[in-house]
Structures are given as C-alpha cells and as structure tokens.
Amino acid sequence: MLNKDKIKLGIAPIGWTNDDLPELGKENTFEQCVSEMALAGFTGTEIGNKYPKEPEVLKQALELRNMQICNCWFSTFFTTGEEAETIAAFTKQLDFLQAMGAKVIGCSEQGRGIQGKPYPIFGDQKPVFTKEEWQRLFTGMNKLGELAAARGMKCSLHHHMGTGIQTPEEIDIFMEGTNENVYLLFDSGHIYFSEGTQEAVDNLVEKYIDRIAHVHLKDVRKEKRIKTIEEKMSFLEAVKNGTFTVPGDGDIVFDKIFATLEKHNYEGWMLVEAEQDPAKANPLEYALKARDFIREKTGL
Ligand SMILES: O=C1C[C@@H](O)[C@H](O)[C@@H](O)C1=O
Ligand SMILES: [Co+2]
C-alpha cells in the first residue's frame, strides 16, 4: 500500500481540453474541468491554457474545490542556443508556480522537437542531439536546477516522444550529464510508447527512482501504438487515434511502478495524464475509472 501522507493524486486538464490540439474539448470550460477533477476524487492538477492566469483567481477557484496546482509544463530551448530566453521565461514560470504553492516544474527540451509537427513520430525526423547540443542542454538544465533549488523547488525533465530525450539511452545521457538539482519527471505512457515493452517502463522507474520528482500515470493501447508505426502517424495523429488512455485501461502493467514508489518511499504527486478525444472518452467517466484503478491497486 502506498503512503497517503506522502503521495497525493492529481489529474491533468489534457483529458478535458488539449492545448496541443485545441479542437479537442474546445467546448469544455475551466470550471467544468476542475469541478469534475474534484468530483472524481483528485486534489491536484497541472496548468491548462483555459486556467485563469492570475494566481489569486486560480487559487480561489481551486481552493473552492479542495484542489491545488502541483506542476506545470515548461518548454526549454537550450540545444538551439536560446539559453538567456529560456532562463528568463523559466524564472517567470517559477514565480507563478511558487505563488501557487507548487514544488515541481516539468521541463521538456523542445530544440528540434517534432511532437507538434506533421512528421511520423517513428520516422527519422526525431532529433538526435550532437555532442555540442547535449553540452548546451546540460549547462542550461543545471542552471535551471539551481534556480529552482534556491526556492526549495525541484526542476525536472519530462522525457517525451518526438524530442531528443525520448529513449532509455537518451534519458541515461541526460541524467548522467546533469547534476543532483535536476530530477526526472517519469511518464509511464511516453516510455511505453517509445519502446513498446513493459520492461522499459519498469527499468526506467527502478533506475531513477531516487531522482524522480514527479510521476505522470498514462496508459497506452498497444494496438494503437502499432497502428501509429504502421500508418506513419504523427504524435498528434496518434493522440487523436486514442493511443493514450487512463491507467488501467490500456496495456501497461502498473504494479512494478507502484511497488517501486512504495519501496523507495516516494514523496510527491502521481498525476493521471491521459490525452484522448473527450468526444470519444468522456473526461469525468475516465477520471473516475483512473481513480478507481489507483484505489484498487495502491489503497490511495
Ligand atoms: O506531460 C505532457 C504534457 C502534454 O502537453 C504532452 O504532449 C503530453 O503527452 C505529456 O505527457
Ligand atoms: Co506527461
């Protein structure tokens, strides 16, 4: 059983409205989204673009529902040499998150990334960083790590399909090149989507458990992943086609993930993040499904 005092449960707005595919869930309001999250039994969320931008307004809306912000996505552009711009934007985002009481920020290096581009996600356009790009990334991320640590916060890296940090080998290079102020945001769905094996999921969580600062629980429908490869779909086409779903509804086995978090006394958030078309997968219904699955498997 996981420890209720150490682990909190959140859910991402991406099941209601998808910022990467604005046509998905455009009719769903911020209020509906956070009310349904609370109704399903979650106490945390990440930022979506329909959320109020003023910390006080957002805080009040969330407190009414006994919810809080636990993390937000942040795009970095170190490999393309945009260090000063990235650091300035990061500092602004830290200000916002700190005002919201969040302790983690989830970065993704978007230099040459193809997650939003119309290219096959398993094709050869995916970035593979050069030595110089890696070095710029390490230097930049260590700087962000230090800025976050100075505020008692954790800067983490979200490994992600279509970026230069997608595969286990790329994650290893990143973790070896950065220091102890830089953490990993473990996303079960992205590692399974990349590798297609349970082993890759279990190995990643085990290997970096002591540097994992945040967890995204996402499931993958295996047959949709295969279709993505066969039909040369882009990342966003794969999302629209239903490749991702909530934990317990796809082909990932979550037992080892939960056992590893328990064994190593993980402290922080587990956040359900399962983008799919809300017209096909009712967000409240799927949030409840995820909440039941987590309760059944972990006692939380
Ligand atoms: O954490 C995430 C944020 C989304 O915008 C992204 O594309 C999704 O797949 C994800 O894991
Ligand atoms: Co994620």
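Just so it is clear, the values below take in all heavy atoms, side chains as well, and ignore hydrogens, waters and symmetry mates. Both counts, for ligands and for their atoms, begin at 1 and track the order of listing.
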* Donor-acceptor under 3.5 Å (Tyr51 side chain, Glu46 main chain) -> yes
* Asked: Cation over ring, Lys154 on Tyr183, under 6.0 Å and within 45°?
  -> yes
* Between Ser35 and Arg65, a side-chain donor and acceptor under 3.5 Å -> yes
* Remaining members of hydrophobic cluster (4.5 Å side-chain criterion), Leu39 -> Leu284, Leu288
* Is the closest basic N to carboxylate O distance between Glu63 and Lys59 below 4.0 Å? -> no
* To do: Using side-chain hydrogen bond (donor to acceptor under 3.5 Å, both in side chains) as the criterion, list what pairs up with Asp219, not counting sequence neighbours.
  => none
* Asked: If you measure only the distance, is there a donor-acceptor pair under 3.5 Å linking the side chains of Glu109 and Thr79?
  -> yes
* Going by the angle between their ring planes, with limits at 30° and 60°, are Phe244 and His190 parallel, tilted or perpendicular? -> tilted
* To do: Using 2.8 Å as the cut-off, count the protein N, O or S atoms closer than that to the Co ion (ligand 2).
  => 4
* Identify whether the distance between the nearest side-chain nitrogen and carboxylate oxygen of Lys289 and Asp249 falls below 4.0 Å. => yes
* Exactly which residues line ligand 1, taking a heavy atom under 4.0 Å from it as the test? -> Ile14, Asp20, Trp73, Gln115, His158, His160, Asp187, His190, His216, Lys218, Phe235, Glu273, Glu275
